[in-house]
Every structure is written in C-alpha cells, then in structure tokens.
Trainee: 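Pasting a structure here, questions to come.
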Amino acid sequence: MHEFIILTISGLVTGGIYAITAGGLTLTYTTTGIFNFAHGATGALAAFTYWQLHFDWGLPVWLSLVVVLGVLAPAFGVFLHFAIMRRLEGTSETTRLMVTVAVLLSLLAAVMWIWDPQTPRNVVNFFPGESVDMAGTRVSYHDLITLAVALIVAIGLWVLLRSTRAGVAMRATVDDRNLAVLNGSRPEVPGMLAWATGTMLAAVAGILIAPKLSFAALPLTLLIVNAYAAAVIGRLKSLPWTFVGAMVIGLVTEYGKGYLTETRFPTAGPYLSGLSDSMPVLVLFVAIMLLPTSRLRGHASSRTREISHRPTWTGSLVFAAIVIAGAVVAANSLTPADLFASTRMWGFALIGLSVIPLVGYAGKMSLAQLGFAGIGAICVSHLGSGGNPLGLLWAALICAGIGVLVALPALRLSGIYLALATAAFAVMLDRWIFGLPAFTWGDTRIDLFNSGTLNFERFDWPGIDISSDRAYFIFGAVFFALSSLVVVWIRRGEFGRRLLAMKDSPAACATIGMNHKLTTLTVFGLSAAMAGVGGGILGGAAGTLSPVNFDFTAGLSVLMLMVIAGLTSPGAALFAGIFLGTPLMTNLFPDYAQLTTILIGLNGIALGKNPNGFIAAKIRPEWEPALRRPVVLAGSAAAQLALIVLRFTDVIGNWPFVIGILLAVIGIPAALKIEVMIKAPRTEPEVPEGLSGQPEGLGLNGNRFKAADIEALDKLIALPSLPAAASAAAPSPILPGARHGA
C-alpha cells in the first residue's frame with residue numbers, strides 16, 4: 001500500500017507537468033489553429049537558460065525565474081508569432097505542422113550547440129530537502145509546487161478562454177478569422193497573446209521537470225510526446241479534459257514503472273521495461289482510436305497556396321540520367337572515406353521518396369517513415385543473410401503489410417490526428433519494439449536488433465559485383481533513379497489522380513463513388529514498402545545499424561527536408577539524401593556538428609513564404625525551359641563533359657571540377673535569357689504621329705516640349721487645342737516641360 005501511495009503521488013506530479021505542457025499546446029492550437037511540435041524544445045531551451053542564470057551565473061532563484069518566465073519566454077513567443085507563425089495563413093495543415101517541426105529541430109540543435117552535451121549539468125528541486133508528510137509519505141515542496149502550478153494553470157486558462165474578452169477574441173479568430181475581423185477584432189493581438197502565454201507555459205513545464213529527468217536537451221524536448229495524449233484526450237479544445245487526461249497518463253506511467261518490473265514478472269519483465277516508457281504513446285494511440293470520429297476530422301478543407309506539379313516524362317528521364325551520370329562521376333572522384341560515408345545517401349533518398357505518394361500526393365501526414373525503414377532494415381538483415389537480394393523483397397512485403405495495419409485504424413483520421421497516430425507508432429518502435437530482447441516464436445528465435453546492432457552484407461546480384469563502395473554507390477543511384485520513375489508513373493496515372501483528388505476533397509471523392517478507404521490503404525502500404533526498401537539499402541551501405549539510427553527525431557529531419565525542397569518532387573528526395581547521407585556539411589564545417597540540423601530548421605521556417613518548396617518555386621521554372629532549348633542543353637552538357645575529362649585526366653582537381661560543374665548548371669537560366677535576347681527581333685518602338693519621341697520621355701533629361709509635341713499630345717488625349725492667340729502670345733515656340741508651358 002505504501003508503494004501504491006508513493007506511485008500515486010509521483011504519478012500526480014508527473015501528470016501535473018503534463019497538464020501544464022498540454023495546456024500550452026491546447027491554448028495555441030485553439031487560438032491559432034497551429035499544433036506546436038516545438039513546445040517541448042521551447043521548454044528545454046527555457047530550462048537550460050534557467051540553469052545558466054541560476055546555477056552557472058549565480059543569480060537568485062526568484063530573479064532567474066522572473067527573467068526566464070516573465071521576460072524571455074513571452075518575448076520568444078511574440079517573436080515566433082510575428083516572425084514565423086502569422087505567415088502561415090493560407091497554407092495546408094501539413095505545412096503548418098512542418099514549420100513547428102523546423103522550429104523544434106532548430107531549437108534542439110541550438111541548445112546542444114550552446115550547452116555541450118558532453119558536459120554534465122544538474123538542476124535540483126526548489127527548496128531542496130524540504131518536504132511534508134502526506135498519508136505516511138514524505139512529499140517534497142517541489143512536487144507540491146508542481147501540483148499547485150498545474151491546478152492554477154488549468155483554472156487560469158479556462159477562465160481566460162471562457163470569461164475574458166481576450167479569450168473570446170482568441171477563439172473567434174481561429175473559428176472564422178474573416179468574420180472576427182469584420183466584427184472589429186485584430187487577429188494579430190490574440191495570436192501574439194496566445195503564443196506568449198503558450199511559450200511561457202512550456203518554460204514552466206521545462207523548469208519543473210528538469211530535476212526529474214537527466215538534464216539533457218533530447219529528453220526534455222521529447223516530453224512533448226507524452227503531453228500529446230493529454231491534449232488529444234481534451235480533443236485539443238477542452239482544458240478540463242486535458243487536465244484529467246494528463247493526470248491519467250501520469251498515473252499510468254508511474255504505475256507501469258513501479259509494477260511492470262523484472263522483480264514482479266521475472267519472465268516478462270525484460271520485455272515490459274520499454275513498455276512502461278511507451279505508456280504515454282500507447283494512451284495517445286488508444287485515445288485517438290476511441291474518441292468520436294466527428295471530433296477527429298480536424299478543420300474543414302480550404303483553398304491553399306500549394307500546388308502539385310505534373311512531371312513530364314522527358315524531364316523525369318533527364319533527371320534519372322543526370323542522377324546516374326552524377327553518381328558515376330562522384331564515385332570516381334570522392335576519396336575512399338567520403339565515398340563510403342556517402343553510400344548511405346541512397347537509403348535516405350529512397351526513404352524520402354516514400355514520402356511523396358503518401359504525404360505529397362495523398363495529403364496523409366505520416367511521421368513514421370523512418371520507423372518503417374527500421375523494420376525494413378531488420379527484414380533485410382535477418383531474411384537477406386549472405387547478401388540475398390530477396391531480403392529487399394521481404395522488406396517491401398512485410399513493411400507494406402504493417403503499413404496497411406497501421407492505416408486500418410487511421411482510416412477515420414485526418415490532419416493533425418493522423419500525424420499524432422503515426423508519431424505514436426514511431427515512438428513506440430523507437431522506445432520499445434526495437435529494444436526488445438530476443439524471444440521465441442514457435443520454434444524460431446527472434447532477436448530484432450541482435451541485442452544492439454544489425455549486421456548487413458551487400459547484395460549478391462547475379463553477374464554484378466557491388467561489394468565495393470564505388471559499385472554500391474552507383475548501384476544505389478540506379479536503384480533510386482528507377483524508383484523515381486515509378487513515382488512519376490504513379491503521379492501521371494489514374495492512381496495518382498485518385499490520390500490528388502482524395503487530398504483535395506475526400507467528401508467529393510466519396511460522393512462520386514471513389515473507394516477512398518482502399519486508396520488510403522494502398523498508398524499507406526506502398527509508401528511503407530518503399531521506406532522499408534530504403535532501410536535495407538541503407539543497411540547495405542552502412543554495414544551495421546542500431547536502433548539509434550531510426551529514432552523519432554531523425555525521421556523528422558527526413559520529412560523536414562522533403563517539405564523544404566517540395567513534397568511532390570523526386571528531386572527533393574535526392575536533396576534529403578545528400579544532406580543527411582553524405583559528409584558534405586561535416587567536411588565544409590568540421591567544427592560545427594549541429595549546423596546541419598540548424599540549417600534544416602531555418603530553411604523549414606521559411607515554408608510560410610514558399611509552401612511548395614524551392615524546387616517547384618525556383619529550380620523548375622528556371623531550368624525546365626532548357627528541355628525545349630537543345631542548344632543551351634547541349635552547351636551545358638558539353639561543358640560538363642569537358643570538365644569530367646579534365647578531372648579524370650588529373651588536369652584539374654576536385655574543387656575546380658565542382659565549381660566548374662556548378663557554373664555549367666547554374667549558367668543554364670542565364671544562357672536561356674541570352675538566347676531569347678539574341679533571337680528576339682530588334683524593333684524600335686513606334687513613336688506616335690506628331691511627337692518627337694516617346695511620350696514618357698518628353699520633357700526629361702533637359703529636353704523641352706515643342707509646340708508640335710503639345711499639339712500631338714492634346715490630340716492623343718482628346719483635349720481641345722490652344723486658341724491661335726494663345727499660341728501666338730507664347731514667348732517661345734519651345735515651351736518648358738509642363739502642359740502648355742505651365
């Protein structure tokens with residue numbers, strides 16, 4: 001009984017912290033329509049700032065709290081609103097979600113950059129050593145403060161949204177922004193207030209939970225995942241239910257840690273230890289499945305600024321040829337170490353490619369693609385031993401089946417709820433499934449990650465030796481190029497049109513008789529299969545993989561890069577592969593390990609301005625016309641071929657070669673413009689009758705109007721001519737620059 005009371009009190013305290021976090025999430029979502037994935041990262045930043053002020057610089061506790069909670073956190077929320085969030089008007093829910101993911105990645109990397117993770121730090125409770133007796137158990141002042149703050153936050157937010165003009169304005173803005181404006185509301189003010197308050201609540205939660213976790217950026221950031229469930233139980237709008245849900249999750253988590261142990265269950269204990277850490281996401285998954293469907297539909301569909309370009313076969317074949325040719329050149333130019341490190345890029349590129357049909361075409365938000373890649377890697381390692389390429393087939397089939405199973409309960413979900421469901425699946429894989437010890441299924445012993453690390457052998461294709469890094473790199477490029485053509489085929493075919501129609505209006509598709517459930521299951525299975533194959537290709541490149549390679553935040557980076565470049569473009573997948581699977585950034589900036597993640601985040605923040613990605617907005621409009629200009633295309637190809645010859649004959653080194661290739665590619669738009677100028681007929685603009693020059697140039701640069709010009713202008717604009725006497729009285733036949741010499 002004593003243990004039960006201790007666990008209950010501990011669970012209530014943990015639930016109180018979840019309640020504060022979920023309250024901030026609910027507030028920002030209710031008032032702005034944006035689900036803030038960066039909420040936990042904001043709390044982590046606040047906790048580290050508090051540590052810096054109080055524990056490192058020695059400021060008093062009260063002053064540190066005032067600076068963090070009263071000044072910096074609200075100011076940061078106002079900055080988020082004005083610099084980023086208010087620019088998301090007219091974007092899809094996917095883009096809005098990805099912008100907050102970008103903020104998460106940037107903040108996480110910035111915290112790890114500023115405060116070196118290798119340096120141990122510690123945060124102690126408020127009033128350390130002080131406690132009170134409660135039901136025979138000593139409860140610390142810190143825990144009592146946490147419970148009190150959670151209760152105050154819940155009541156305060158409820159009063160704010162229900163009984164104040166500011167709260168009513170917040171809810172009115174998100175319900176119908178235009179109607180609120182017509183009634184005199186200023187949407188900027190409620191939005192700013194919501195982000196300032198939500199960020200301050202994230203800071204409160206981060207500071208309160210810091211003494212209870214290992215003081216590191218990642219655990220503090222992932223606190224948000226546990227708070228998702230509480231926010232969903234409150235249906236992202238009900239603060240009382242959010243509070244209740246947070247308490248339930250806190251209790252379930254602590255009871256799981258206390259009772260699901262190896263001491264109580266000697267046989268099952270090793271398998272249940274990870275389950276207790278996954279309790280919040282299990283509650284999240286169950287909550288999403290059980291809540292009424294009508295509550296989970298998200299916002300109504302609306303027109304957005306996002307488009308899906310239909311690729312041409314010519315452009316796609318040229319792209320595939322460039323990928324293979326570029327891979328051949330790179331394989332013969334990179335150093336052995338860089339070439340080995342770069343072979344992984346094709347695995348990440350294929351995982352990125354799997355995002356296109358599901359998220360780009362169908363609009364089904366999934367945060368579990370890297371989790372499917374992990375399942376595919378397990379399949380290839382165990383079922384493709386000895387380099388058997390059938391391992392890839394098994395990976396595709398098994399991942400497709402699991403993808404369909406995940407999609408079955410997700411059929412009733414859309415928008416943010418679907419994203420949260422897939423996030424729960426990915427976190428469960430990361431925290432529990434991938435770390436399971438070996439177990440027996442019938443007579444078969446299964447050890448998913450071989451108790452720590454998977455080993456891979458490169459595929460043994462008949463008649464083709466791809467065991468070397470160079471051969472495997474080119475093999476990966478060919479595999480990716482062919483896969484990109486499959487994606488293009490899907491987009492151009494009937495299935496692609498079905499996906500786009502389902503994305504635009506599921507209700508309209510159902511009205512005309514389209515089976516959107518079968519379409520959804522198919523695209524989930526297809527996408528999961530592609531991600532699984534990508535995981536197998538990644539394993540063959542790396543040789544060994546561990547569960548860390550498939551953690552939840554790494555999957556966010558893949559999706560983030562796809563969104564930045566353009567969710568419907570195979571070029572975006574290549575961009576993701578280069579960014580994540582090559583040592584490019586490490587070589588360029590060896591002293592800044594977090595720079596890659598920070599750049600990903602900063603680029604993602606700009607999505608509000610350009611939600612279609614930079615490939616659709618910049619690259620395609622400028623480079624695609626070259627397909628219709630064979631002279632320009634041939635000139636660029638000849639220049640690149642000459643550079644390749646010079647490099648392979650060691651006339652030039654790597655850097656001149658790379659710079660030359662970039663100039664030959666970047667110069668294509670300029671060459672197109674020059675060609676148009678050369679071919680355009682050089683015709684002088686026609687001067688209207690009676691004028692000495694173009695009307696807009698008369699009277700400028702020291703020239704003066706002539707009487708004939710004035711007469712002609714009067715005639716052009718149908719003004720009556722000056723009387724003859726007035727003309728005769730004019731002091732000079734050449735008049736100064738205004739009409740009639742005035």
Side-chain angles (χ1 to χ4, degrees), residues 310-331 342-358 360-361 369 372-373 376-377 379-380 384 387-397 399-400 458-493 495-496 499 522-523 525-541 558 562 565-578 581-582 615 627:
R310 185 172 185 260
T312 63
W313 276 120
T314 304
S316 303
L317 289 170
V318 169
F319 171 74
I322 290 175
V323 167
I324 296 173
V328 172
V329 174
S342 299
T343 51
R344 297 180 302 162
M345 68 173 280
W346 303 115
F348 284 111
L350 286 165
I351 297 167
L353 209 59
S354 73
V355 173
I356 294 177
L358 182 60
Y361 298 161
Q369 293 308 103
F372 285 118
C379 296
V380 171
N388 188 350
L390 288 178
L392 285 176
L393 180 61
W394 279 114
L397 294 175
C399 287
R458 290 183 175 169
F459 305 104
D460 184 17
W461 298 94
I464 305 174
D465 181 11
I466 59 171
S467 58
S468 69
D469 292 339
R470 181 178 299 175
Y472 195 85
F473 190 83
I474 297 172
F475 158 75
V478 173
F479 203 101
F480 171 76
L482 295 176
S483 301
S484 71
L485 293 177
V486 172
V487 171
V488 171
W489 174 72
I490 292 172
R491 169 63 182 85
R492 291 178 61 87
F495 185 60
L499 296 179
T522 304
V523 73
L526 173 67
S527 177
M530 294 176 67
V533 171
I537 297 292
L538 179 65
V558 176
M562 290 296 299
L567 272 171
T568 58
S569 172
L574 179 65
F575 171 71
I578 293 174
T582 69
I615 290 180
L627 298 175

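Hydrogens, waters and symmetry mates are skipped; everything else that's a heavy atom, side chains included, is used. Because the structure is a prediction, the values reported are computed rather than measured. Residues: numbered from 1 along the sequence shown.
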Trainee: Under the side-chain hydrogen bond (donor to acceptor under 3.5 Å, both in side chains) rule, collect the residues that match up with S467, sequence neighbours excluded.
Mentor: D465
Trainee: Do you know the tightest heavy-atom contact between S316 and P311?
Mentor: OG-CB, 3.9 Å
Trainee: Identify all side-chain donor-acceptor contacts of residues 474-484 below 3.5 Å with residues at least two apart in sequence or on another chain.
Mentor:
unit_1, atom_1, unit_2, atom_2, d
S483, OG, F479, O, 2.8
S484, OG, A481, O, 2.6

Trainee: Looking only at heavy atoms, which two atoms of S527 and Q369 are closest? And how far apart?
Mentor: OG-NE2, 2.8 Å
Trainee: Compare all side-chain heavy atoms of F495 with those of T522 and state whether any distance is below 4.5 angstrom.
Mentor: yes
Trainee: Compare every heavy atom of Y361 with every heavy atom of V487, then report the nearest pair and how far apart it is.
Mentor: CG1-OH, 3.7 Å
Trainee: For the side chain of T343 and the backbone of F473, is there at least one donor-acceptor N/O pair under 3.5 Å apart?
Mentor: no
Trainee: Take atom CH2 of W489 as the centre, draw a 6.0 Å sphere, and report whether it contains more than 12 heavy atoms from other residues, nucleotides or ligands.
Mentor: no
Trainee: Check whether Y472 reaches the backbone of I537 with its side chain - one donor and one acceptor, N or O, closer than 3.5 Å.
Mentor: yes
Trainee: Taking side chain as C-beta onward, heavy atoms only, is I356 less than 4.5 Å from R491?
Mentor: no
Trainee: Do L317 and L485 have side chains that approach each other closer than 4.5 Å (heavy atoms only, starting at C-beta)?
Mentor: yes
Trainee: Once side-chain hydrogen bond (donor to acceptor under 3.5 Å, both in side chains) is applied, do any residues pair with S342, and if so which ones, sequence neighbours excluded?
Mentor: none
Trainee: Return the minimal non-hydrogen interatomic distance between A531 and F372, and the atom names on each side.
Mentor: CB-CB, 3.9 Å
Trainee: Do M345 and L574 have side chains that approach each other closer than 4.5 Å (heavy atoms only, starting at C-beta)?
Mentor: yes
Trainee: Check side-chain contact (heavy atoms from CB on, under 4.5 Å) between A325 and all other residues, then give those that pass, not counting sequence neighbours.
Mentor: none
Trainee: Measuring only between side-chain heavy atoms, which start at C-beta, is V323 closer than 4.5 Å to W346?
Mentor: yes
Trainee: For the residue pair N388 and D460, establish whether any side-chain heavy-atom pair is separated by less than 4.5 Å.
Mentor: no
Trainee: For residues 469-478, pull every pair meeting salt bridge (charged side-chain N to carboxylate O under 4.0 Å, His left out), keeping only residues two or more places apart or in separate chains.
Mentor: R458-D469
Trainee: From C379 SG over to L393 CG, what is the distance, rounded to the nearest 0.5 angstrom?
Mentor: 10.5 Å
Trainee: Only counting residues at least two apart or in another chain, list the ones meeting side-chain contact (heavy atoms from CB on, under 4.5 Å) with V558.
Mentor: F348, I351, L580
Trainee: I need the minimum non-hydrogen distance between G376 and A395, along with the two atoms involved.
Mentor: O-CB, 3.7 Å
